[in-house]
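Every chain is numbered from 1, with letters handed out A, B, ... down the list of sequences.
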There are 2 protein chains.
Amino acid sequence: MHSTRVLLQSIPEGLRRQASAVHLAQDSCLFRVGDHVRAAFLVLSGEVRLARIGFQGVEVTLQRSRGGFIAEASLDSKVYHCDAVATAASDLLAFPAEAFKRSLTEDSAFSRRWQSILANEVRKLRAQCERLCLRTAEERIVHYIEAEGVAGVIELQIAKKAWATELGLTHEALYRALRRLQAAGTLAVSGRRLELLAARSEQPQTD
Amino acid sequence: MHSTRVLLQSIPEGLRRQASAVHLAQDSCLFRVGDHVRAAFLVLSGEVRLARIGFQGVEVTLQRSRGGFIAEASLDSKVYHCDAVATAASDLLAFPAEAFKRSLTEDSAFSRRWQSILANEVRKLRAQCERLCLRTAEERIVHYIEAEGVAGVIELQIAKKAWATELGLTHEALYRALRRLQAAGTLAVSGRRLELLAARSEQPQTD
DNA sequence: CGTACTTTTGAATCGCATCAAATCTGGTGG
DNA sequence: CCACCAGATTTGATGCGATTCAAAAGTACG
């Protein structure tokens with residue numbers, strides 16, 4: 001994933017050496033409700049889903065990770081409150097929980113870095129929530145490019161199909177909306193590069 | 001707000017004493033793009049919206065806060081990258097940015113507490129993103145109660161109208177979905193108390 | 001007792017999900 | 001090189017559910 005490398009570099013050398021690689025086959029399980037929290041996990045590739053069987057027997061998905069840390073908040077807890085299952089074959093790194101927490105306490109540079117990582121994640125997630133509250137596919141696309149891109153340009157790091165999921169849309173709806181935006185002259189698409197085009201003062205009488 | 005009191009209690013005494021109260025009239029501005037970051041803000045009441053004028057002149061909302069910290073990630077930055085405007089008359093607390101950052105560095109208890117607060121916020125936001133990706137109002141309601149409540153029961157801290165916004169629905173759609181769930185015997189509503197009822201093994205032949 | 005707000009219901013419309021299927025793409029092995 | 005496969009990408013037709021607009025009833029508060 002895009003930012004996974006950066007995350008890995010934020011981890012102090014000593015802690016990184018204690019990491020062990022974990023490979024998950026599709027549909028295999030990383031941990032279950034009630035398991036002791038023994039490690040902090042970083043998803044390198046694939047997809048891991050956190051879910052819980054609800055009161056009603058309905059499964060509730062709490063997170064879908066395609067890169068980055070999962071269940072960070074569980075570090076404060078003794079046991080997990082949800083299941084983690086690989087939606088696709090995945091590679092992860094496991095950092096021993098105790099060592100991780102010790103680093104956070106004793107290594108002040110890592111502590112600040114970790115706060116910065118979390119605050120940044122919070123910022124991104126809040127923007128995503130706002131985006132998902134928009135009603136049309138076109139608005140979500142524009143919002144995404146404005147919020148995650150630079151100066152109206154973004155190079156997607158994922159396939160459009162996966163992007164559709166992140167936007168809370170079916171891939172069909174995304175493709176159609178992209179086409180409409182291109183037809184309207186609002187957006188230029190070339191492969192995974194998306195560019196918003198400046199509005200050509202077509203406003204009907206703004207005098 | 002619900003958790004605002006808890007957040008306030010997490011802040012060390014010395015830092016809390018340096019806080020100044022800020023009142024914002026509706027539509028008044030807290031800060032603008034380019035302003036120097038001088039304080040960390042905690043929203044006590046009302047609503048503050050973070051937004052940015054996008055490349056296209058379209059305004060993009062990045063966050064809508066009805067309680068809790070806003071723009072935490074900006075503490076790492078010298079200037080703001082978005083505008084903050086009060087959507088309603090609001091009360092906030094302003095903590096001097098330098099003192100806040102110093103506390104995070106020097107007060108290890110506060111540092112850990114802050115990490116815990118951020119990790120918890122991340123967890124909640126991820127669940128909210130998953131919830132907003134659900135297609136029907138009923139699914140979002142059940143997901144909310146399962147994820148945010150305890151044993152299928154939740155006492156709403158906000159009016160249903162505000163809850164609708166958080167669920168990415170109009171209030172009409174929410175009321176109608178609540179009614180359908182009650183009619184189906186899935187949910188009991190009394191005022192702001194919502195309770196999921198155990199599924200009455202009405203499964204059509206699960207043998 | 002009046003005002004502002006939430007809660008509730010109704011009818012028409014719009015946009016996305018769904019199902020179906022064709023095309024295109026990159027990578028594999030013969 | 002070509003055949004082939006598993007994906008992603010693209011287009012079409014249909015139905016459903018939420019939005020939208022409108023309005024009434026309930027509720028809290030000064």
Rounded to whole Å, please give me the gap between [atom1] in [X] and [atom2] in [N].
X: B:Arg135; N: D:dT19; atom1: CZ; atom2: P; value: 15 Å
X: A:Gln157; N: D:dA8; atom1: CD; atom2: C1'; value: 18 Å
X: A:Gln26; N: D:dG7; atom1: CD; atom2: C1'; value: 14 Å
X: A:Leu194; N: D:dT9; atom1: CG; atom2: P; value: 11 Å
X: B:Leu134; N: C:dC16; atom1: CG; atom2: P; value: 18 Å
X: A:Glu139; N: D:dT19; atom1: CD; atom2: P; value: 12 Å
X: A:Leu167; N: C:dC16; atom1: CG; atom2: P; value: 12 Å

With sugar-phosphate meaning primed atoms plus P, OP1 and OP2, does A:Gly168 contact a base, only sugar-phosphate, or nothing at under 4.0 Å between heavy atoms?
sugar-phosphate
Hey, does the side chain of B:Thr170 come within less than 4.0 Å of D:dT19's phosphate (OP1/OP2), counting only N and O?
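For D:dT19, OP1 or OP2 has a side-chain N or O of B:Thr170 closer than 4.0 Å.
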With under 30° as parallel and over 60° as perpendicular, where do the rings of A:Tyr175 and A:His171 fit, or are they tilted in between?
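The arrangement is perpendicular - the two ring planes meet at more than 60°.
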Would you call the rings of B:Tyr80 and B:Phe31 parallel, tilted or perpendicular, where under 30° means parallel and over 60° means perpendicular?
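Because their plane-to-plane angle is under 30°, the rings of B:Tyr80 and B:Phe31 count as parallel.
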Taking atom NE2 of B:His23 as the centre, report whether more than 12 heavy atoms of other residues, nucleotides or ligands fall under 6.0 Å from it.
yes
Would the A:Phe110 and A:Phe100 ring centres measure less than 6.0 Å apart?
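Under 6.0 Å, so yes.
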Consider the side chain of B:Arg180, meaning its heavy atoms from C-beta on, and name the nucleotide among C:dA17, D:dT19, D:dA18 that approaches it most closely.
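Out of C:dA17, D:dT19, D:dA18, the nucleotide with an atom closest to B:Arg180's side chain is D:dA18.
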Tell me yes or no: between the side chains of A:Thr87 and A:Arg49, is some donor less than 3.5 Å from an acceptor?
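There is no such pair between these side chains.
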Every protein N/O within reach of nucleotides 5-10 of chain C N/O, cut-off under 3.5 Å:
residue, atom, partner, partner atom, Å
C:dT6, OP2, B:Lys161, NZ, 3.2
C:dT7, OP2, B:Lys160, N, 3.2
C:dT7, OP2, B:Lys161, N, 2.9
C:dT7, OP2, B:Tyr175, OH, 2.6
C:dT7, O5', B:Tyr175, OH, 2.7
C:dT9, OP1, B:Arg179, NE, 3.3
C:dT9, OP1, B:Arg179, NH1, 3.3
C:dT9, OP1, B:Arg179, NH2, 3.0
C:dT9, OP2, B:Arg179, NE, 2.3
C:dT9, OP2, B:Arg179, NH2, 3.3
C:dG10, N7, B:Arg176, NH1, 2.9
C:dG10, O6, B:Arg176, NH2, 3.4

What verdict does the side chain to side chain contact (heavy atoms under 4.5 Å, CB included) test give for A:Leu50 and B:Arg126, after you've listed the backbone C-alpha separation in whole Å, the side-chain angles of each residue and the deciding distance to 0.1 Å?
CA-CA 10 Å; A:Leu50 298 188; B:Arg126 282 177 181 156; over 6 Å; no
